[in-house]
Amino acid sequence: MARLDPQPWMTAEPTRRLLAALEAERPGCARFVGGCVRNALLGEPVSDIDIATQLTPERASDVLGAAGFAVHPTGIEHGTITVVVDHHPFEITTLRRDVETDGRRAVVAYTEDWAEDAARRDFRVNALYAAPDGELFDLVGGGLDDLAARRIAFVGDPETRIREDYLRILRFFRFYAWYGRGEPNEEALAACGKLREGLGRISVERIWMETKKLLKAPDPSPSLDAMIACGVFGEVFHERDTQGALPALLAIERKIEAEADPLLRLTALFEGDPAAVFAFVLGHKVSNEERRRMLRASGGDPGLASDMTKREVRQAIYILGGQLFRDRVLLRWATGEGEAKGWMKLLDFADSWSPPELPVSGNDALQAGVKSGPDIGDAMEQVEAEWIASDFELSRDTLVARLEEIAGEGDQ
């Protein structure tokens, strides 16, 4: 009998209290499922704890609420509630079977049959269950073998699973990027390629969220290559058929030990082309903050070069800000411009230098006699430019005197 060794998240007090409340209502009605089981078996970090139960959402809510836990109906239409125990969230989902699917969402009915619940899941590695004592259940078969081989395969017929929800095409490549090894499963890859146009039926928000998770994988390149091979890549990335400067950026990330950055990676995939980046962010309704960062990073600055002097670097960091400066340096480096050694020095300098604050304010301009309104902004802009040009050496007294001069010039 296969077992999952006791895990800290399994034996933690909040987990034990939650399971005790469910088991008191009906012994054997709850099992860990999905990502927490998969990752624990792989030795990967576990962030979310999902529990499947034979209790209906209403009954589970009543039982857990009576036990004193906070219950939130976060996905009640799909049988899911979120329960918070001592500030630890757990997602509890009633066993389900699909009644009707349209490629985007499913109408489900509750069941008490663990095998029915397993049969509707996407991949065999996600259809593994663990009892509170660690006993493992591989109800669709192949899940444990897939984990050992680092293989991602659909539950049952790949085309059937994809037609239930076309987002599973991208989920396949995302899971392959994170957990797969070797060549991708041939049946899965063929089904994804055959049904790739179904992604057009999925909301752009869901496409973007899945794409971002894929690009955050330690090395998404093999998965992206598989997407190119079966034609899915062009469906997602606006008819492109190459990874652009992304492989070079990934090599740079490894060299400088940088964290995975899906936004910068996407920008590199489009080789920093502002028009291509704009078309993607517009079409996928990314957040304002994400859109702003990618568009600014791809904008480029002809004054940025790998052989800049320290004075020029300080000025660039002050004007652009540390994040944008770093983004543009990495993109320039990835696209093959300049010398790698020079770009490395720029990044090191950026990490060690903190931009100073302008030692005068709009109030100082008023005190110096500058008229309120637009004149204040113009005066501040002028003295800031002179302060930057001095390599930030002009003192506060000098800048105040300069404001007084500007005020006098305005009175003439």
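Note that the structure is predicted; figures quoted are calculated from it, not measured.
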Apply salt bridge (charged side-chain N to carboxylate O under 4.0 Å, His left out) to residues R171 and E164 and explain how you reach the verdict. CA-CA 13 Å; R171 283 177 61 82; E164 290 168 348; over 6 Å; no
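- With a 6.0 Å radius and a threshold of 12 heavy atoms from other residues, nucleotides or ligands, E77 has its CD atom above the threshold.
- At a threshold of 4.0 Å, the pair D113-R97 does not count as salt-bridged, since none of the basic side-chain nitrogens sits closer than that to a carboxylate oxygen.
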Assess the residue pair S221 and Q243 against the criterion (side chain to side chain donor-acceptor pair (under 3.5 Å)); give the C-alpha distance rounded to whole Å, side-chain angles, the decisive distance to 0.1 Å, and a yes or no. CA-CA 8 Å; S221 270; Q243 295 187 41; 2.8 Å; yes
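- Among L136, V37, D117, D138, the single residue meeting the side chain to side chain contact (heavy atoms under 4.5 Å, CB included) criterion with Y129 is D117.
- Atom NZ of K212 sits in a crowded spot, with more than 12 heavy atoms from other residues, nucleotides or ligands closer than 6.0 Å.
- The closest side-chain donor-acceptor pair between S287 and E290 falls under 3.5 angstrom.
- Taking the six-membered ring where the residue is Trp, the centroids of F280 and W208 are separated by under 6.0 Å.
- Between C192 and V232, the shortest heavy-atom distance links the atoms O-CG2, 3.7 Å.
- Across every non-hydrogen atom of P57 and I81, the tightest pair is O-CD1, 4.4 Å.
- The shortest non-hydrogen separation linking T94 to T56 is OG1-C, 3.4 Å.
- Here D98 contributes atom CG and E116 contributes atom CD; the two are 10.0 Å apart, rounded to the nearest 0.5 Å.
- Of all non-hydrogen atoms in A217 and R265, the two that sit nearest each other are O-NH1, 2.6 Å.
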Can E289 and R292 be said to form a salt bridge (charged side-chain N to carboxylate O under 4.0 Å, His left out), step by step? CA-CA 5 Å; E289 182 179 349; R292 188 178 303 111; over 6 Å; no
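- Between R206 and D165, at least one side-chain nitrogen of the basic residue sits less than 4.0 Å from a carboxylate oxygen of the acidic one, meeting the salt-bridge criterion.
- Residue M294 forms a side chain to side chain contact (heavy atoms under 4.5 Å, CB included) with just one option from T267, L264, D327, and that option is T267.
- When every heavy atom of Y179 is checked against every heavy atom of R38, the shortest pair comes out as OH-NH2, 3.1 Å.
- To the nearest 0.5 Å, atom CG of residue L320 and atom CZ of residue R326 are 14.0 Å apart.
- Checked against a 6.0 Å centroid threshold, the rings of W353 and F392 count as neighbours.
- Here the closest non-hydrogen pair linking V33 and N126 is CG2-O, 4.4 Å.
- Salt bridge status for R240 with E271: present, with a side-chain N to carboxylate O gap under 4.0 Å.
- With salt bridges taken as basic N to acidic carboxylate O contacts below 4.0 Å, one links R3 and D133.
- Taking the centre and axis of the six-membered ring of F137, the NZ or CZ atom of R31 falls inside the cone set by 45° and 6.0 Å.
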